[in-house]
> 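The following block contains the structure, expressed as structure tokens.
Each ligand, and each atom within it, is numbered from 1 in the order the structure gives.
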Amino acid sequence: MSDRGFPVGVIGAGAMGRGIAQVAASAGHSVLLADANADAVSQARAAIGKALDRDVEKQRRTRAEADEVLARIVDAGDVRHGHESFRGCGLVIEAVVERLEVKQALFTALEAVVGPHAVLATNTSSLSVAAIAGACKRPGRVLGIHFFNPAPVMPLVEVVPAITTEPVVTERMTSLVSGWGKTTVVATDTPGFIVNRVARPFYGESLRQLEEGIADVATIDWAMRELGGFRMGPFELMDFIGNDVNYAVTRSVFESMYFDSRYSPALTQQRMVEAGLYGRKRERGYYDYRDGATRPEPTMDETLGRGILDRTLALLINEAVDAVHHRVASPAAIETAMTRGVNYPRGLLAWGDEIGAATILHRLEALQDDYGEDRYRASVLLRRCVRERRPLLS
Ligand SMILES: NC(=O)c1ccc[n+]([C@@H]2O[C@H](COP(=O)([O-])OP(=O)(O)OC[C@H]3O[C@@H](n4cnc5c(N)ncnc54)[C@H](O)[C@@H]3O)[C@@H](O)[C@H]2O)c1
């Protein structure tokens, strides 16, 4: 059977699982969708049905196509009684709760029923793929396939082989998911993979500037959006993602990086989470989304705005260069990931080349000098590129 023809299992019918099910079914697979919560699959099917209705309204697909896609997504039954229904699947993707022991137990149960050529994929954002695969008898067929939210809309998928994944499995899955219309990049199994690692300063350095009173939320957002060309400012984006989710990712990357101060979370973000100010989903975050609330005006001071942008951008570019240095992914994959995964206006390496690697290094050294903190240390690759007059994107 070709990879396009086999049934795909999706376990976990929450925000991500339902989106992944829609993507696989749209590509022609029959999809078995399961969840530990009895009502979750019917709720997921209803939500997918609504998303498909919107596609029909916007003439992105015909009514008949939408009906066929939904019909291909079937309820796999109650997983608490076993995973027998996944026996015929060529690929099972899990999108269950982000807890290592839950994912390990799930894969251990699955490998007892699926066929010898079936692939087991995790959609984890922050756990080690090796640790999930390590619980399996055949870790060679386990890898990460990391979609972004919402999966049907976001074009990027990070394919993440663990050190134990067979190369042929990575190749097969990269080509399968590319065939689903996604832009795939291969990333090494390191904390945050590409996007969630390289993007950390977008949030972290903005929070720092807020905490230091350099500017308020609205001004920092204005600077990054209007002067930097980012689609959303960092505080708008954190409110959109959910401050609870963003804080959890930040903590996870920080802890997994052995508490490297480059990734340290901000106390402000912790307090926002403790106070329940999660962002849009709670109608309150850095901004107030309740009816009648007014939006604060930014201070449109261009000198101040440039300072905010230059500082955050220097850290972002340094992070992208350091990801190249640590072979998280190829330079081209890092450019693709940041433009397609989080809609950055341009690739950070190319942006760094345009500004000049020496200027970026100078900005970082000035910050490190001022703060005396390791957080601002320049990547050794940035130093080498400056010394050898090499471009960052090569
Ligand atoms: N939300 C995001 O932005 C995002 C983006 C990329 C990756 N992820 C990752 O995707 C995964 C799912 O995230 P989500 O946001 O969809 O979570 P969610 O809470 O919306 O959904 C998780 C679902 O898994 C179910 N579940 C829990 N344990 C289960 C089990 N043992 N068997 C079957 N079902 C089980 C829950 O009932 C729930 O419906 C996580 O690993 C997360 O890190 C999330």
> Does the separation of the ring centres of F202 and F230 fall below 6.0 angstrom?
yes
> Say whether, by atom type as modelled, one donor and one acceptor occur between the side chain of S261 and the main chain of S264 under 3.5 angstrom.
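Such a contact is absent between S261 side chain and S264 backbone.
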> Would you say T184 and E158 are linked by a side-chain donor-acceptor pair, where the criterion is simply a distance under 3.5 Å?
no
> Give the residues near ligand 1 by chain and number, with the criterion being a heavy-atom distance under 4.0 Å.
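Residues within 4.0 Å of ligand 1: I11, G12, G14, A15, M16, D35, A36, N37, V79, A95, V96, V97, E98, V102, K103, N123, T124, S125, H146, F147, N149.
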> Below 30° counts as parallel, above 60° as perpendicular, anything between as tilted: where do the rings of H83 and F86 land?
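It falls in the tilted class, 30° to 60°.
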> Relative to the ring of F193, is the ring of H146 parallel (under 30°), tilted (30 to 60°) or perpendicular (over 60°)?
perpendicular
> For the side chain of R138 and the backbone of P116, is there at least one donor-acceptor N/O pair under 3.5 Å apart?
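Answer holds: yes.
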